[in-house]
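Structure record follows, encoded as structure tokens.
Only heavy atoms go into these numbers, but all of them, side chains included; no hydrogens, no water, no symmetry mates. Throughout, a chain's letter reflects where its sequence line sits, starting with A, and its residues are numbered from 1.
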Amino acid sequence: MSFERQPGRLATINLRKQLDVMMKTSEAAKQKPTKGLLTPQKPTLEKQDENVTETQRVLNYMEAIRKSMTTV
Amino acid sequence: MAFRKVQDFDAPIPGMAMTHGLGDRPWQQPSQYNTIEEAIEFYIPRLADNKFAQRMLDIIERGVPITSLAETMTLGGVMQGLHTIDVAILLNPILVEFMEGMAKQAEIDYKLGDTDDDEKEPDGFVLREAMQSLQKTDIEDIDDEEEEEPEEKPSGGLMSRRGI
């Protein structure tokens with residue numbers, strides 16, 4: 001791999017690792033839903049939309065693509 | 001050293017950057033797609049296109065790493081002035097994810113290019129041939145679109161130009 005192509009490849013490698021972790025944690029969170037009276041009703045993603053970083057947005061798109069491609 | 005792997009004769013000639021005026025090159029103009037969302041809307045329908053997808057899957061099956069393919073595409077986008085390098089880098093993981101999904105659905109063997117085993121430089125000839133075939137698909141698509149355009153009706157006004 002030549003030096004000028006490293007940033008894109010590194011971004012892919014790092015974000016994929018992060019996505020794997022993110023998907024595992026989200027699955028774990030789904031398994032234990034809290035049902036108390038004081039639990040927030042709105043999903044957390046909607047709350048974070050305004051302050052979300054670009055990397056997080058990319059991760060969200062990657063997650064959506066991965067989920068949709070595996071379910072088809 | 002890794003960066004000496006670039007062939008010397010392929011490198012630009014010193015001073016080549018000054019052979020054109022500032023702003024003449026597409027990448028020196030404001031980019032067409034400024035956000036990731038806009039760039040995704042440009043790339044994903046193209047990748048999902050039947051003709052393009054078939055060629056792309058052929059190339060992936062030949063052993064070209066998906067990361068290399070995505071980088072070549074986004075680099076081309078930067079050179080055409082479609083988006084900035086920042087957007088290209090953010091776009092790479094998304095395109096890789098999409099292409100991997102397509103390869104999985106087509107049930108073909110693929111290299112992702114994210115492990116040390118895949119890190120070897122893909123065969124330059126294969127990569128060049130692959131990109132040429134993808135570009136051909138684009139050109140063919142454009143040709144088809146041009147053929148579909150209806151012929152302009154000749155204007156019959158007094159001041160209209162007649163054939164020379």
Side-chain angles (χ1 to χ4, degrees), chain A residues 1-35 38-72, chain B residues 1-7 10-12 34-37 39-41 43-44 47-48 65-75 77-79 84-106 112-116 118-122 124 127:
Chain A
M1 230 10 98
S2 56
F3 68 97
E4 65 265 47
R5 288 187 183 169
Q6 285 292 341
R9 189 170 160 268
L10 281 176
T12 307
I13 293 168
N14 291 331
L15 286 180
R16 280 176 67 86
K17 278 179 190 168
Q18 215 172 326
L19 179 68
D20 290 339
V21 174
M22 200 176 94
M23 287 184 84
K24 272 181 192 173
T25 50
S26 66
E27 277 173 19
K30 272 181 191 173
Q31 285 168 359
K32 293 175 184 176
T34 48
K35 289 182 178 177
L38 295 171
T39 50
Q41 298 294 317
K42 286 182 183 176
T44 46
L45 265 180
E46 282 179 22
K47 264 188 178 178
Q48 289 169 358
D49 258 351
E50 291 169 5
N51 302 321
V52 93
T53 59
E54 286 197 324
T55 319
Q56 189 58 46
R57 265 160 61 201
V58 171
L59 278 170
N60 290 342
Y61 285 125
M62 285 171 76
E63 189 184 11
I65 288 171
R66 190 176 282 190
K67 278 180 181 170
S68 62
M69 293 297 243
T70 47
T71 50
V72 172
Chain B
M1 290 196 302
F3 57 84
R4 292 304 302 166
K5 282 181 185 172
V6 179
Q7 287 181 1
D10 281 348
N34 299 312
T35 60
I36 308 166
E37 288 79 11
I40 288 172
E41 277 176 22
Y43 278 103
I44 297 293
L47 290 177
I66 295 177
T67 45
S68 301
L69 259 181
E71 277 165 2
T72 316
M73 280 179 196
T74 50
L75 192 70
V78 173
M79 289 178 77
T84 59
I85 296 172
D86 301 14
V87 171
I89 289 172
L90 289 169
L91 206 59
N92 266 323
I94 298 169
L95 295 185
V96 168
E97 204 64 46
F98 188 75
M99 286 194 274
E100 190 196 8
M102 286 179 78
K104 273 182 185 169
Q105 280 183 9
L112 208 61
D114 64 338
T115 57
D116 292 337
D118 296 342
E119 204 172 339
K120 287 177 191 170
E121 179 80 31
L127 195 60

A:Ile65 CD1 to B:Met102 CE distance, which is reported to the nearest 0.5 Å: 11.5 Å
Contacting region of B:Ile40 [heavy-atom separation from chain A under 4.5 Å]: side chain
B:Ile85, CD1 atom: more than 12 neighbouring heavy atoms under 6.0 Å: no
Largest heavy-atom contact set with chain A, pairs under 4.5 Å, which of B:Pro93, B:Gly101, B:Ala70, B:Ala88: B:Pro93
Nearest-0.5 Å distance that lies between atom OG1 in A:Thr12 and atom CD1 in B:Ile66: 10.5 Å
Residue, of B:Val96, B:Ile89, B:Leu90, B:Leu95, that accumulates the most heavy atom pairs under 4.5 Å with chain A: B:Leu90
CA sep, side-chain torsions, deciding dist, call: A:Leu19, B:Glu97, side-chain contact (heavy atoms from CB on, under 4.5 Å): CA-CA 11 Å; A:Leu19 179 68; B:Glu97 204 64 46; 4.0 Å; yes
Residue selection (most heavy-atom pairs with chain B, distance under 4.5 Å) from A:Val58, A:Ile13, A:Asn14: A:Val58
Close side-chain approach of B:Glu100 and A:Met69, heavy atoms under 4.5 Å: no
A:Arg9 side-chain N/O to B:Thr67 backbone N/O, donor-acceptor pair under 3.5 Å: no
Interatomic distance, A:Arg16 atom CZ to B:Leu112 atom CG [nearest 0.5 angstrom]: 4.5 Å
